Amino acid sequence: MQKPILILGACGQIGTELTFELRSKFGGENVIASDIREGGENLMQAGPFELLDATNYEAIEDVIMHYEIEEVYLMAAMLSATAEKFPMRAWNLNMNSLFNVLNLAKEGKIGKIFWPSSIAVFGPNTPKENTPQNTVMEPSTVYGISKQAGERWCEYYFKKFGVDVRSVRYPGLISWKTMPGGGTTDYAVEIYHAAIESGRYTCFLEKNTKLPMMFMDDAVKATISLMESPSEKLGTRSSYNLGSMSFCPEELAKSIQKHIPEFEISYKPDFRQQIADTWPKSIDDSLARQDWNWSPEFDLDKTTSSMLENLKKG
Ligand code: AKB
């Protein structure tokens, strides 16, 4: 029998889709969605929903005890662009929420944790192409520093206390159900909405800024498949590199023009350009492929077809 799962940050870009998928797999009543704010009706009505602040240890503990939670997916975080504006808030949210779930697991109150890291753990001195799992990191953003520190703490809690924590370094994620909020890779979602609504888009990154990206279906598949892997197969307890496709805004625009030939893009880089310039262009994810059979399904054109088709139905 499936033991209950708690999603913290269920109303965000990844949290929403993860909640839908876990509910369809394990039944609505076994997946408790929670967030600091209310979400869409279909998320709140298809199973239990709790208003919950991921930085409040006692409140999380109460929910865990009430539902007899076994697994927690901690999806609440402040992303790269917003974190540059509110460094201390970002540090507090990103770190305290992680300590809360790590400590609950250390005390034996939950069995397994998923915590997302990001390509933002890498920095300007990291090799940019085919970035290895283990390499120079030195992140230079508030968000990247919090994710790198988080990775170190995950590995520490695993080694020192046997906490079963699992993680991937997500690239930019592209989805149509929920908008991303406050990230540097958000252009890759905004552009599809703009293509349909107005036929034009002004991009906040330069046309040749290549970044690792992934379609949401692949990201959800990776997350669940990592969580279902036997513990002894997982040699990495900091966070796994996770790759799929890499492209720049100009290539994305060309992919959209195959469906909407009159689509126009222009470029007006802002402060997010400096963040993107410090991140990898492509990722070596051979360890994830080897340890838990990771393999993505969506390339750029398949992503574009799915995004445009679903947004048009809208
Ligand atoms: C962001 O742009 O901040 C995120 C990320 C790559 O972690 N999408």
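Only a predicted model underlies this, so the values are computations on that prediction, with no experimental measurement involved. In what follows, residues are counted from 1 in the order of the sequence shown. For ligands, and for the atoms within them, numbers begin at 1 and follow the listed sequence. The figures here come from the full heavy-atom set of this structure, side chains too, leaving out hydrogens, waters and symmetry mates.
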What atoms in ligand 1 come closer than 4.0 Å to a heavy atom of [X]?
X    : answer
L79  : 3 (O)
W279 : 1 (C), 2 (O), 3 (O), 6 (C)
G183 : 1 (C), 2 (O), 3 (O)

Quick one: look up the protein heavy atom nearest [atom] and list residue, atom name and how far away it is.
atom                   : answer
atom 1 (C) of ligand 1 : S80 OG, 3.3 Å
atom 8 (N) of ligand 1 : T185 OG1, 2.9 Å
atom 5 (C) of ligand 1 : S118 OG, 3.5 Å
atom 2 (O) of ligand 1 : T184 N, 2.7 Å

Any donor-acceptor N or O pair under 3.5 Å, side chains Y240, Q133: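 Distance-only check fails for Y240 and Q133.
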Establish, for the pair R272 and F204, whether the NZ or CZ atom is under 6.0 angstrom from the six-membered ring centre and no further than 45 degrees off its axis.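 Yes, a cation-pi geometry holds between R272 and F204.
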Linking Ile, Leu, Val, Met, Phe, Trp and Tyr through side-chain heavy atoms less than 4.5 Å apart, which residues share a cluster with V142?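 None; V142 is a cluster of one.
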Check whether the ring centres of W153 and F99 lie less than 6.0 Å apart, and answer yes or no.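 Ring-ring flag for W153/F99: true, centres closer than 6.0 Å.
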Under the rule for side-chain contact (heavy atoms from CB on, under 4.5 Å), what residues qualify as partners of T278, not counting sequence neighbours?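 T278: side-chain contact (heavy atoms from CB on, under 4.5 Å) contacts with P124, S140.
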Residues E29 and R23 bridged, charged N to O under 4.0 Å: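 Looking at E29 and R23, the cut-off is not met.
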